[in-house]
Structure formats: structure tokens, C-alpha cells
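Quick notes on the structure that follows.
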Amino acid sequence: MTSMDYRNMMSNIKASESFKKETIEKMQEEAAGRMYEYVITPTQKKTKRWLMLPAGALALACVVWASVTLFPWAPHISPAGNSGFDYPMYNGLPMISLHGDTSPDSNDASPFVPIFSGSAQDITTAHPWKEGDILTTLPVFRNPAKYEWDEHGAVYTDGPSTEEMLRRGKDAALALGFTIQTETVYPPEFTKPSKMTGPTNYTVSLECKEGGIEVFPDGSITIQPATPIELPDKYAIKPSPVTREWAEARINYLIDRFSTLLDMENPVAYPWDFYQDGFHDYFYMVAEGKGDLSDQMLGFTYQNCIFYMDNTGNGEEGILTIYLYQADLSQKLGDYPVISTDQARAMLLSGKYYSDCPDAPVKDRIAGVELSYKKGEDHDMFVPFYRFLVDVESEHTPEGLKAYASYFVPAIPEEYYSSKPDWSRK
């Protein structure tokens, strides 16, 4: 990981530009002298790019499936196929659009940055789905908080009401014991009223005695304490070398301490091996483990939490920022058939994929595969994709590691696409 990774990660996170700038500068200043924990989040592009699964993000991460009690807007997953939307139908299901902004990493300006890891297995095993797991169907959802791009930037065309966003922020403050002092609703940064079909709010900001809370239409909440939240010495001071046992103990402590904020029935910690400047470290994503495999996959991608750690002095770490994400999965379009891994691999090798890597994948260099949902605020729908990791050459590969590129193949059969994807637009 390099300082470029810090900037890529911050571009995925919803927060004020001043906070992003300060955080990037702080990380760059201290990167040479100490280790940061990074989260590989499921989110993506710009993100949340958020985050291509593992492309490094700082701090220890937790993916949460918060309940309606804590976050009233939250996933509730609607029961059956919803034909109330104006989509063409095929075989009783709304057809899916994959071209344009609905494709992963659809921002052509995003440069290719490889993923560095000891092995592809270090990446693909940190996920509910494992190669060999069989799923015949997976649900697809309409994204109710989508934004579009115009010459001015991103414009949300729909989303929750101001009242809902205020309630989310207040619930988070209550869970953390924060005292709210002021409430501010900001209009969209770039809004043309003629394009807005939903609420016109862009951000709700709560200034608290203990710090600040920002709520965004896509379900993200950024919590920035006025001073880093302290941890007990045994979790604030990293051992040298860092052991998996210590890392597991710390993530379990955070799950217990912030259980009201996370509000999960069966939290599961997914581990990743992390490499930085020749050091080996561990970090975890925590997700709701209840339900069947498809439920766990949805929780893994669309409900998550990242704890950003910072040096508080004397070699100790504390929590600098808490980032929560919880997508609205209330608009289910239906359960769609899923192609097999072999079918997806054949599509990959025939050029039917999306990737930010300019090189075509080589069959003998395919190192791993996972089946996952993709997050994207500019996507019309939340659709599952196969993600293939391919071994690539990079002059920046750290010693002892390998460089990988991600290639995404839609997991839904082609006959369900509403139009032929432009596979040339990678």
C-alpha cells in the first residue's frame, strides 16, 4: 500500500472535503513511522470508488446489518418481485440494465491500481461465499438513492426525506452517548431542480458536544469524534509483530463495545491478511451472520462499518472516525437465476466483463474468484457479480507480494439484460 491508496480510499467515503484532506495529510505524514490498519471493503469504485474489496483502506473494518430499531430506514428487504416499476419484463422479472452508470467502476477517469497481497486466497476467503458454494438464485434490488452525473457533478435524483436522515443521525448519536447541539440540513452541492424527483437535501449534519455526525442520502453516516476515542492499553498498543490472536481480540472488543450502534444478531468477523511496507498485519470486516448465504452476502456488501484508527500519542491508537453504511434494500425486483462459475469464467475470457485494468485477462493467470454484490450510488440496481482476480505485472509490486487486477462478470444470465452491454467500455 502507498499514500495513493489512502487517497483512493478517502474518495469512497462520504465526509466533508476538509475532513478528507486532513485525514489524508495525517496518514501520509505518519505512514513512514507507524502501521495503519486497513479495511478491504466491499464497496466499490470510487467507491465506498467504497472501496473495491481489498484495495486497502485504513483501519479496522466492520460490516453491519443494523436493525430497524437503530436505523429506521434500514434493510428491510421487500418480499417478492416488484413489477410496479417501469421496466421491460422477461420471464416474469424486470429486465436489468448493465450499461452506462450501472456498470461497476463506470467512471472512466479512475486509474488502474493493482491489489497487492500475499496470495489471491488472502482476498477471496474473506467473504461469505466460497468457490464451490452453489446458489441457483439471488435477489436484485432497485437503488432508491441513486445519483446521476451532469456537467456540474453528482446529483441525487431520489433518496430518503430530511426527517428520515435526521432520525438516523439522532439514533447514531443516542447509541454513542453524544449530546446534539445543532442540526443543519445542507442542499445538494450541485442540484438542478428539474432533475430532482425526490428530496433536495444532500447532507444532514449534527454538531455534538463529543464531535460531529454527517448523514447522506445513500445510507452513509460519518461520525468524527472531537478527540479520538480511547481504547484500553491492551488494544491501543500493537504488539510487534502483530498476531492474529491479538487482532481477533481487538475486533471482538470493538463489537462488544459498540454493540448498540451495530445492533447485530450474529456478528461474524471476516479476516484479511494485510501487508504494508514489509510488515504483516491483520484486519477484519464484521458482518451480520444470520440468515442464509444470500442474506449474508447482502449484509456483507450493503451494511458495513469502518473504524478509522489514529495515533493518540505514546504509541497508542484510538478511534479517529466511525463510518457506517446501510443501503436501502426495500425495493426488491425479484429473485433471479445465477450463472455458474464456469459460465462466468467463459464470459470473462470472451471479453464480457468490466474492469479498470486495461489488459485483457489471461486464462492461466486467473488466481481466484468470488461472488458478491457491488455497491454503487450511481447504479440503477444492486446486482450480483463474479469478481475474478487475475495475476498481473506491476513495477510497483512490493517485495514478497503479488499484484492482482479485478474483473467483474454479471452473475445474472444475459437474457435478463434490457440492452446489450457495451463491453468495450471497461
Side-chain angles (χ1 to χ4, degrees), residues 42-47 49 52 77-78 80-108 110 129 134-149 157-158 294 297-298 301-302 327-357 360-361 366 369-388 390 406-426:
T43 96
Q44 243 305 356
K45 136 186 171 164
K46 354 181 194 70
T47 154
R49 245 173 102 182
M52 259 173 111
I77 298 177
S78 57
N82 192 334
S83 59
F85 303 108
D86 188 20
Y87 298 126
M89 304 292 288
Y90 176 79
N91 202 21
L93 291 168
M95 299 186 75
I96 294 172
S97 172
L98 292 174
H99 67 280
D101 284 346
T102 60
S103 63
D105 306 321
S106 56
N107 185 354
D108 291 332
S110 299
W129 183 89
I134 304 299
L135 288 170
T136 57
T137 64
L138 281 172
V140 171
F141 302 85
R142 176 180 177 271
N143 179 7
K146 178 181 180 291
Y147 66 63
E148 296 179 357
W149 291 92
T157 56
D158 206 344
S294 64
M297 290 170 61
L298 289 169
T301 302
Y302 295 117
D328 181 352
L329 301 181
S330 64
Q331 299 184 16
K332 181 178 176 180
L333 299 178
D335 293 311
Y336 289 70
V338 176
I339 64 175
S340 67
T341 306
D342 288 341
Q343 289 172 308
R345 185 176 286 104
M347 289 181 64
L348 171 73
L349 296 175
S350 65
K352 296 179 177 180
Y353 63 82
Y354 294 105
S355 177
D356 56 358
C357 181
I366 297 175
V369 62
E370 65 188 21
L371 176 58
S372 179
Y373 283 86
K374 299 259 331 144
K375 179 192 175 294
E377 298 95 327
D378 58 348
H379 295 187
D380 287 328
M381 303 174 186
F382 296 143
V383 179
F385 283 79
Y386 282 98
R387 177 193 187 208
F388 289 90
V390 178
S406 295
Y407 296 80
F408 297 88
V409 175
I412 307 301
E414 293 183 79
E415 54 265 30
Y416 287 89
Y417 304 168
S418 60
S419 61
K420 184 177 180 180
D422 180 4
W423 298 115
S424 66
R425 186 174 184 272
K426 302 305 183 185

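These numbers come from a predicted model, not from an experiment. Computed from heavy atoms alone, side chains included, the values below leave out hydrogens, waters and symmetry copies. Index from 1, following the sequence.
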Measuring from D342:CG to M347:CE, what's the distance to the nearest 0.5 Å?
13.5 Å

In sequence, state the C-alpha distance, the side-chain angles, and the governing distance for V383 and I96, and then conclude on side chain to side chain contact (heavy atoms under 4.5 Å, CB included).
CA-CA 9 Å; V383 179; I96 294 172; 4.0 Å; yes

Value rounded to 0.5 Å, distance of CZ in R345 from OG in S350
13.0 Å

Considering non-hydrogen atoms only, spot the tightest contact between L93 and D335 and give its length.
CD1-O, 3.4 Å

Assert yes or no for the condition that the ring centre distance of F385 to Y373 is strictly below 6.0 Å.
no

Closest non-hydrogen contact found for Q331 with P144 is NE2-CB, 3.5 Å

Can you list everything that forms a ring pair (Phe, Tyr, Trp, His ring centres under 6.0 Å) with Y417? Sequence neighbours excluded, please.
none

Between OH of Y336 and CG of N91, what distance do you get to the nearest 0.5 Å?
10.5 Å

Closest contact, heavy atoms only, W129 versus E370
CZ3-CA, 3.4 Å

Contact summary for S418 and P88, nearest pair of heavy atoms:
CB-CG, 4.1 Å

Side-chain donor-acceptor pair under 3.5 Å between S330 and D328, yes or no?
yes

Residue pair Y416, M95: steps toward the side chain to side chain contact (heavy atoms under 4.5 Å, CB included) verdict
CA-CA 5 Å; Y416 287 89; M95 299 186 75; 5.7 Å; no

Salt bridge (charged side-chain N to carboxylate O under 4.0 Å, His left out) between E414 and K352: does it pass, once the steps are laid out?
CA-CA 10 Å; E414 293 183 79; K352 296 179 177 180; 3.2 Å; yes

Given I339 and Y386, is the side chain to side chain contact (heavy atoms under 4.5 Å, CB included) satisfied, shown in steps?
CA-CA 9 Å; I339 64 175; Y386 282 98; 3.8 Å; yes

Do Y353 side-chain atoms and S406 backbone N/O form a donor-acceptor pair below 3.5 Å?
no

Point-to-point distance, once rounded to the nearest 0.5 Å, from OG1 of T341 to CG of L348:
12.0 Å

Interatomic spacing from CG in L371 to CG in L135 - rounded to 0.5 Å
6.5 Å

Note: Q343 and S340 closest approach over all heavy atoms is OE1-N, 2.8 Å

Considering non-hydrogen atoms only, spot the tightest contact between P337 and I412 and give its length.
O-CD1, 3.6 Å

is_close_aromatic(Y407, F388), centroid dist under 6.0 Å
no

Applying side chain to side chain contact (heavy atoms under 4.5 Å, CB included) to F141 and L333, what does each step give before you reach the verdict?
CA-CA 5 Å; F141 302 85; L333 299 178; 5.9 Å; no

Pairing donors with acceptors under 3.5 angstrom, does anything connect the side chains of S372 and R387?
no

Please say whether the positively charged group of K374, taken as NZ for Lys or CZ for Arg, lies over the ring of F382, i.e. under 6.0 angstrom from the six-membered ring centre and within 45 degrees of the axis.
no

Between W423 and Y354, how do the two ring planes meet: parallel, tilted or perpendicular, split at 30° and 60°?
tilted

